[in-house]
**Q** 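Dropping the structure in here first, questions after.
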Amino acid sequence: MKAISYIDYRGYDLLHKGTEILSQIECNGIHIDLEYCKKKLDQIADTIRELEKQIQDEPEVKIWMESYGRKFNLDSSTQLADLLFNRLKIEPVNMTEKGNPSTDEESIECLKNDHPFIEKLIQIKRLKKLCSTYISNFIREQVDGILHNFFHLHTTQTYRSSSSDINFQNIPDRNPELGNIIRRAIIPRQDRMLLELDYSGLEVRVAACYHKDPVMIKEITEPGRDMHRDTAIELFLLNPNDVTSELRFTAKNSFVFAQFYGDYYANCAKNIWNSILLYDLKTRTGVSIREHLSDKGIKTYSDFENHVKSVEYRFWNEKFRVYKKWKENMWDNYQKTGVVNMHTGFICRGLMRRNQVINYPVQGAAFHCLLWSLIHLQRLFLRNHLRSMIVGQIHDSIVIDVVPEELNCVMNWAHTIMTKEIRKVWDWIIVPLDIKAEASLPNESWANKKEIKLGSPCRSCGSEWSFKKKLEENNTEDHCIVCGEITE
DNA sequence: TGTTCATGG
DNA sequence: TATCCATGAACA
């Protein structure tokens, strides 16, 4: 049988066992506060009505209403684009994929000073999104207060997973206001706590297992190194002490990750420049980045684009030379053979663009690390009859509904499986793996998650895990995550 | 049905 | 050679 030779059983086994374990997780489901959801839905509806009333009197909205009459609709991007770019003659900031002027949040946020209705419009859109995509669906999909969403292993091009009904993998988090509202609805079962275990920098580490760039391996393994901070220093021409978390964030997302995914300097420069202007980014000592760059000779956008071009050149031709070579090899090899192989035994075929060829094997294998860990953690749970249960998975993290007395044990096992056992089985993982843990106190919602660290056992309850509680005057205090007592 | 927008990794 | 992978809502 010829076809049999095309099947790689490493990949087959992983998906077979993965499917079984994910179905058990779907069956467990995640507990929600149904009464809270219903109450919040009504509350937000009131807020939206109030906001809609408030913007009715704004001059721009009057023009909008007059031109569309009965068809006037705040949810229509087409109408908003017509208002902003045709009637008010505003220069578009971004274009859509099809080349039309865009009205997405990033493009209209910078108009809010000249057009105050924009700020309320953005808030209305956010709240509507929260209700329609999240809260309403929580209420629709729950059975006796439990959400049994699906986790699929057959829908993505990269052999990652996906989730639907509800999508457990895109619940708001980055925006604290939205994150807090919706995550307040997600709660542990009675007297339990929610725990999330995250692989730190998983894709960057898995990428290193492919390209084996010595500079990147150093970045990952040497303590105290921080490539995002270093990139911020180069992009904004700063001393290390002048880098704020905001500047590091911009460098990380608009340059480093964008470059890893295959972006190029002109696009990066545009995005960074937009951030500088929109958020009026400053150095740690409070100097405006715009002025600071100007002092260094970068006065116009064109100057900045040239500067980013030179940062990009050093990034790939001096710093990550081996990584760059690997990308070229991957693309050449695909053009010759038509396939891309993953470390985990999967093969990608079919028509792919260059950036897909470079990213698929990384994205897929990174998720497979998570899936492998999930399978083995769940086996331990079942074999040892733990009452704690795995309730979800978000690409590089595992969410568990934990019985407090089992927390020490769960953390111990998870750490062993996710960072040690996996490397015994997959020797292609040539860099250390690391996990981060966040948890909420018993009976608290997911909105209250805090990072927890290993410490000495709590005198009241014996838990070894504590979180830092912020006090006045930059002081912190360690508290036990199970009983809340101060630990030493 | 296609486009645009939002959310997450 | 031009930012990777998803789900889902709403409009046109």
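Atoms considered below: every heavy atom in the structure, side chains included; atoms not considered: hydrogens, waters and symmetry mates. Order of the sequence lines sets the chain letters (A, B, ...), proteins ahead of strands, with each chain counted from 1. Please read all numbers here as calculations on a predicted model, not as lab measurements.
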**Q** Counting just side-chain N and O atoms, does Asn355(A) come under 4.0 Å of either OP1 or OP2 of dA2(C)?
**A**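 Yes, within the criterion.
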**Q** Round to the nearest Å and state the distance from Arg354(A) atom CZ to dT3(C) atom C1'.
**A**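 Those two atoms, CZ and C1', are 11 Å apart.
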**Q** Take the protein atom CD1 of Ile124(A) and the nucleotide atom C1' of dA9(C), then report the distance between them rounded to whole Å.
**A**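 Those two atoms, CD1 and C1', are 17 Å apart.
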**Q** Identify every side-chain donor-acceptor pair in residues 118-125 of chain A under 3.5 Å, counting partners at least two apart or on other chains, and give the distances.
**A**
residue, atom, partner, partner atom, Å
Lys120(A), NZ, Gln54(A), OE1, 3.2
Gln123(A), NE2, Glu177(A), OE2, 3.1

**Q** Is it true that, when you exclude Phe150(A) itself, more than 12 heavy atoms of the residues, nucleotides or ligands shown sit nearer than 6.0 Å to its CZ?
**A**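 No, the 6.0 Å shell around CZ holds no more than 12 heavy atoms from other groups.
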**Q** Ser76(A) has a side chain; which of dA9(C), dC11(C), dA2(C) sits nearest to it?
**A**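 Among the listed nucleotides, the one closest to the side chain of Ser76(A) is dC11(C).
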**Q** Checking side chain to side chain contact (heavy atoms under 4.5 Å, CB included) between Met389(A) and each of Asn28(A), Ile30(A), Ile25(A), which is the one that passes?
**A**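 Of all the options given, the one that passes is Asn28(A).
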**Q** Counting just side-chain N and O atoms, does Asn137(A) come under 4.0 Å of either OP1 or OP2 of dG8(C)?
**A**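 No, no such contact exists.
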**Q** Strictly below 4.0 Å, N to O, side chains only: are Arg321(A) and Asp213(A) in salt-bridge contact?
**A**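 So Arg321(A) does not pair with Asp213(A) through a salt bridge.
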**Q** One character per nucleotide, please: for nucleotides 2-9 of chain B, 5' to 3', B when the base has a protein heavy atom closer than 4.0 Å, S when only the sugar-phosphate does, - otherwise.
**A** -SSSBBBB
**Q** Quickly work out the Ile166(A) CD1 to dA6(C) C1' distance and round it to whole Å.
**A**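 Taking atom C1' of dA6(C) as the reference, CD1 of Ile166(A) is at 14 Å.
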**Q** So, using side chain to side chain contact (heavy atoms under 4.5 Å, CB included) as the criterion, who are the partners of Ser107(A) when residues are at least two apart?
**A**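 Per chain and number, Ser107(A) pairs via side chain to side chain contact (heavy atoms under 4.5 Å, CB included) with Val93(A), Asn94(A), Ser102(A), Asp104(A).
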**Q** Determine whether any donor atom in the side chain of Asn271(A) lies under 3.5 Å from an acceptor atom in the base of dT3(C), or the reverse, and answer yes or no.
**A**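 Flag set: donor-acceptor pair detected.
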**Q** Nearest whole angstrom, please: distance from the P of dA2(C) to the CE of Met95(A).
**A**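 Going from CE in Met95(A) over to P in dA2(C) covers 21 Å.
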**Q** Measure the shortest side-chain to side-chain distance between Tyr134(A) and Ile181(A) over non-hydrogen atoms and say whether it is less than 4.5 angstrom.
**A**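 A side-chain contact is absent here, since even the closest heavy-atom pair is not under 4.5 Å.
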**Q** Once you apply a heavy-atom cut-off of 4.0 Å, does Phe260(A) come out as touching a base, just sugar-phosphate, or nothing?
**A**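 The answer is nothing, as Phe260(A) stays clear of every strand by at least 4.0 Å.
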**Q** Within the pair Tyr360(A) and dC5(C), is there a side-chain N or O less than 4.0 Å away from OP1 or OP2?
**A**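 For dC5(C), OP1/OP2 do have a side-chain N/O of Tyr360(A) under 4.0 Å.
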**Q** Would you mind reading off the distance between Leu370(A) atom CG and dC5(C) atom C1', rounded to a whole angstrom?
**A**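 Leu370(A) atom CG is separated from dC5(C) atom C1' by 14 Å.
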**Q** Rounded to the Å, how far apart are Asp75(A) CG and dA12(C) C1'?
**A**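 Atom CG in Asp75(A) sits about 13 Å away from atom C1' in dA12(C).
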**Q** From CD1 of Ile182(A) over to P of dA9(C), roughly how many Å is that when rounded to an integer?
**A**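 Ile182(A) atom CD1 is separated from dA9(C) atom P by 13 Å.
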**Q** Is the side chain of Glu66(A) donor-acceptor paired with the backbone N or O of Ile63(A) at a distance under 3.5 Å, no angle test?
**A**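 Here the side-chain-to-backbone pair does not exist.
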**Q** Expressed in angstrom and rounded to an integer, what is the separation of Tyr264(A) atom OH from dT3(C) atom P?
**A**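 Whole-Å distance recorded here is 7 Å.
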**Q** Report which part of the nucleic acid Ser161(A) touches: base, sugar-phosphate, or nothing (heavy-atom distance under 4.0 Å, all strands).
**A**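 The residue Ser161(A) makes no contact with any strand.
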**Q** Which part of the nucleic acid does Gln259(A) contact within heavy-atom distance under 4.0 Å: base, sugar-phosphate only, or nothing?
**A**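 Counting heavy atoms under 4.0 Å across all strands, no contact is made by Gln259(A).
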